[in-house]
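Report on the following structure.
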Amino acid sequence: MHVEEKFTDATWPAAPETATLEGKNKYLGFWLFLGGETVLFASLFATYLALKDKVPDSGMLLAKDLYEIPLTFAMTMILLTSSLTSVYAMYHMKNNSFQKMQTWLLITVVLGFSFLALEVYEFNHYVHLGHTFTSSAYGSAFYTLVGFHGAHVTFGLMWFLSLMLRNAKRGLSLYNAPKFFVASLYWHFIDVVWVFIFTVVYLMGMVG
Amino acid sequence: MSTYAKKQGFGATLWDFMTTVDHKKIAILYLISGGLFFILGGLEAMFIRIQLAVPDNNFMSAGVFNEMITMHGTTMIFLAAMPILLGIMNAVMPLQIGARDVAFPFLNSLGFWMFFFGGVMLNLSWFLGGAPDAGWTSYASLSIHSQGHGVDFYVLGLQISGFGTLIAGINFLVTIINMRTPGMTYMRMPMFTWTTFVVSALILFAFPPLTVGLTLMLFDRMFGANFFDAAAGGNTIIWEHLFWIFGHPEVYILILPAFGIFSEILATFSRKRLFGYSSMVFATVLIGFLGFMVWAHHMFTVGLGPIANAIFAVATMAIAVPTGIKIFNWIFTMWGGSVRFTVPMLYAVSFIPSFTMGGVTGIMLAAAPADYQYHDSYFVVAHFHYVIVGGVVLGILAGITYYWPKIFGTMLNETLGKFTFWLFLIGFHLTFFIQHFLGLWGMPRRVFTYLPGQGWDISNLVSTIGAMFMAVGVIILLINIIITSVKNVRVGNDPWGDGRTLEWAIPSPPPFYNFKQLPLARGLDAYWIEKMEGKKEMTPAEPLGDIHMPNGSIIPICITFGLFVASFGALYNMDADKPWTIPVIIIGLLITFGSMLIRSIKDDHGFHIHKEDLMDDKDKEVKA
């Protein structure tokens, strides 16, 4: 199958992301990459747990004094919803409905940006309370773990946006379908990592 | 046939290699740069041995000695052994599975350039205020307090080259899973491909912890974080864990490809199928798995407690079982075969006892209570040089000699090769055997000199003389390479005469599309099967058709160059007198992400070689 071939709804393959060898390779390679990313975040989680509440003097704020569950719960819901909307986008990609896919991707991106805005607000809030990247080992570990996730979200948003703009005028093909698909895989991965951050950092932070 | 005609001249060749995505050319790039770093690391080793040859020596200062040992270890592991092995994998693995290239040719090029720029970055430290001096393990308690920017070069250089290795690992995994030729089932893959497969999985899971460790170190040293600063609540043991969670699998990343190379060589020159192929596969996978379970045996003296030490001691000893399976399988492969002692075979035969000795001291070190005695003594130095030099370096020398005709189309001189072999083997045992005893007699590692009269003088001199032997051996190898390249006597498909696997069924060096028609693999040692039935070529698995090939690209160098620039910004960020660091970081990252964006939005469909052009291939070869 040639990558630039034009398709009708009837000829569009059921799994356009793996219809070509390039697509198959991308699909598998990206899953493997996510395996490596899992180990990366596992290392960051381990570091965070080892350094949680490790501060130089007893007057400094600890996890239970800092975190606000309502805010982070809202962030969690926003990101989980964005994962769902990216699923809708991929559903429409598999049905060759390009415009519907773009719309759902746009909703995903908007949700992603709202998450990011809340995270910036959260970090800013903590910095004003004296909990900074350089104030303690706990601060370094917190901002590194959560910040790595935030950087992943930012990269994912840039990725979605550039794919949407690049292909806005030409629609779907077997060349760009795998690109959309792996971007959405990446987005799901980011979401899963956040579920762990919400649990390990914020919820466990409240119980000591 | 003008379409694929290549421009001539040095500039055109240089541009070709800078933009190439062909796995065979990238392999050559890996071999050349890895070879240069190997010579650099070897010179550092010679300087270390000269300093230690006699007591109270003042050939170099203690500070320079620390830089020398750090750079020797780091260079040899990250910039010599691994790239050379990646080079051999790149050259051979796609041919062994009957593929036209790797799964991601662009990423293959990116991976190489990342390793290369990372290596250059690390070595620039010699000229920019001093090399890293906290040992190749760079324990945080030392490196956090290291003056100057040496450790910063270590952190950033390894970070960049580590990305490159990770990319290569993913690439090989996908290639092996998705791109095997028809008939090439997993249990028909040559042993070297199997080890490449397992090693790539190890790279995938072992490098991210190193990335994290280096990032924490980077944040601590360059951006004021407190991960390893006990006064601010930090903990230096985190570095040791992260480093060894990477570091122990790393030694298997080095040794397993060597195992694969020796498995190919022993079967070829015994003219027998590899004994116990399926148990070899099983042992390789098991070693890869257990390799992740044993990292804390480097940390027995940290004080993790008797339970942790006992668990890690037992897990470590368990690795001896699959390794022993391999040793016996190699011996049984030779048993009853008609053995030809070519240079690669000499390396393979001498590897078995040499490596086994390293394995035996490994079991001694795995006994946690005894390790308190051996720890940080020359016994440890002797042990890891027995496995790394006696295993990996012998494997590299064997592999280079064995695959030289397939990569370059010429045959290295056998007589000179035997000189190199004997000098290197004798020199190796002379250098490192005595170091076991030096360690047991109390000589600690990483000391820049020692007092006379402790019983160490003659042993150290013997060790230094041994190192000279190895150096002469390597010099003869270089002469051999030059003579061979100048003579330029071309060889045919199967120059060793007993090739068993697919790479020997095609010309040396292969055409850039490797296989005109994908071959049908009818069993293990697919080419040998055809030869035994009197055929000269593989049976094709597909009719002659157009071949899709990727385009070359300069973007990998641009992406890497951006990281290189940004690193210099990060490096000097903590210096109060340098306000330009943040802009430099931003410019560098813009170059990197900008290049990535261009790669993403610019369509690259590659090109097709047409069927008609492939048909007159035979005539062209006659003319050329």
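A, B, ... follow the sequence lines: proteins, then strands. Residue 1 opens every chain.
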With a 4.5 angstrom heavy-atom cut-off, could you sort out which part of [X] is near chain B: side chain, backbone, both or neither?
| X | result |
| --- | --- |
| A/Phe148 | side chain |
| A/Ala50 | side chain |
| A/Leu28 | both |
| A/Thr38 | neither |

### Query
With under 30° as parallel and over 60° as perpendicular, where do the rings of A/Phe155 and B/Phe593 fit, or are they tilted in between?
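Rings of A/Phe155 and B/Phe593: tilted, 30 to 60°.
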
Rounded distance (nearest 0.5 Å) linking atom [atom1] of [X] with atom [atom2] of [Y]:
| X | Y | atom1 | atom2 | answer |
| --- | --- | --- | --- | --- |
| A/Ser162 | B/Ile598 | OG | CD1 | 12.5 Å |
| A/Glu37 | B/Thr211 | CD | OG1 | 9.5 Å |
| B/Ser600 | A/Leu163 | OG | CG | 5.5 Å |
| A/Ser140 | B/Phe228 | OG | CZ | 10.0 Å |
| A/Leu44 | B/Leu216 | CG | CG | 7.0 Å |

Check each atom of [X] against the heavy atoms of chain A and say whether the ones under 4.5 Å are side chain, backbone, both or neither.
| X | value |
| --- | --- |
| B/Leu204 | both |
| B/Ile203 | neither |
| B/His241 | neither |
| B/Ile601 | both |
| B/Ala231 | backbone |
| B/Thr215 | side chain |
| B/Phe104 | side chain |
| B/Ile167 | neither |

Does [X], at its [atom1] atom, have more than 12 non-hydrogen atoms belonging to other residues, nucleotides or ligands within less than 6.0 Å?
| X | atom1 | result |
| --- | --- | --- |
| B/Phe289 | CZ | no |
| B/Tyr186 | OH | yes |
| A/Phe123 | CZ | yes |
| A/Lys179 | NZ | yes |
| A/Tyr91 | OH | no |

### Query
Is it true that B/Asp229 and A/Lys54 have a side-chain N and a carboxylate O under 4.0 angstrom from each other?
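No.
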
If you define the side chain from C-beta out and look only at heavy atoms, does anything of [X] sit under 4.5 Å from [Y]?
| X | Y | value |
| --- | --- | --- |
| B/His548 | A/Glu22 | yes |
| B/Asn226 | A/Leu51 | no |
| A/Arg166 | B/Leu597 | no |
| B/Phe227 | A/Thr144 | yes |
| A/Lys24 | B/Val174 | no |

### Message
Determine whether a donor-acceptor pair (N or O, by modelled atom type, separation under 3.5 Å) exists between the side chain of A/Tyr175 and the backbone of B/Asp604.
### Response
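Checked: pair present.
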
Using every non-hydrogen atom in the two residues, find where [X] and [Y] come nearest and quote the distance to one decimal.
| X | Y | value |
| --- | --- | --- |
| B/Gly234 | A/Ala137 | N-CB, 3.3 Å |
| B/Pro208 | A/Gly36 | CG-O, 3.3 Å |
| A/Thr134 | B/Ala225 | CG2-N, 4.3 Å |

### Query
Can you tell which of A/Leu40, A/Leu21, A/Asn25 has the highest number of heavy-atom pairs within less than 4.5 Å of chain B?
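When all of A/Leu40, A/Leu21, A/Asn25 are compared, A/Asn25 has the most.
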
### Message
As an exercise: rank B/Ala206, B/Gly233, B/Ala232 by heavy-atom pairs under 4.5 Å with chain A and give me the winner.
### Response
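Of B/Ala206, B/Gly233, B/Ala232, B/Ala232 has the most heavy-atom pairs under 4.5 Å with chain A.
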
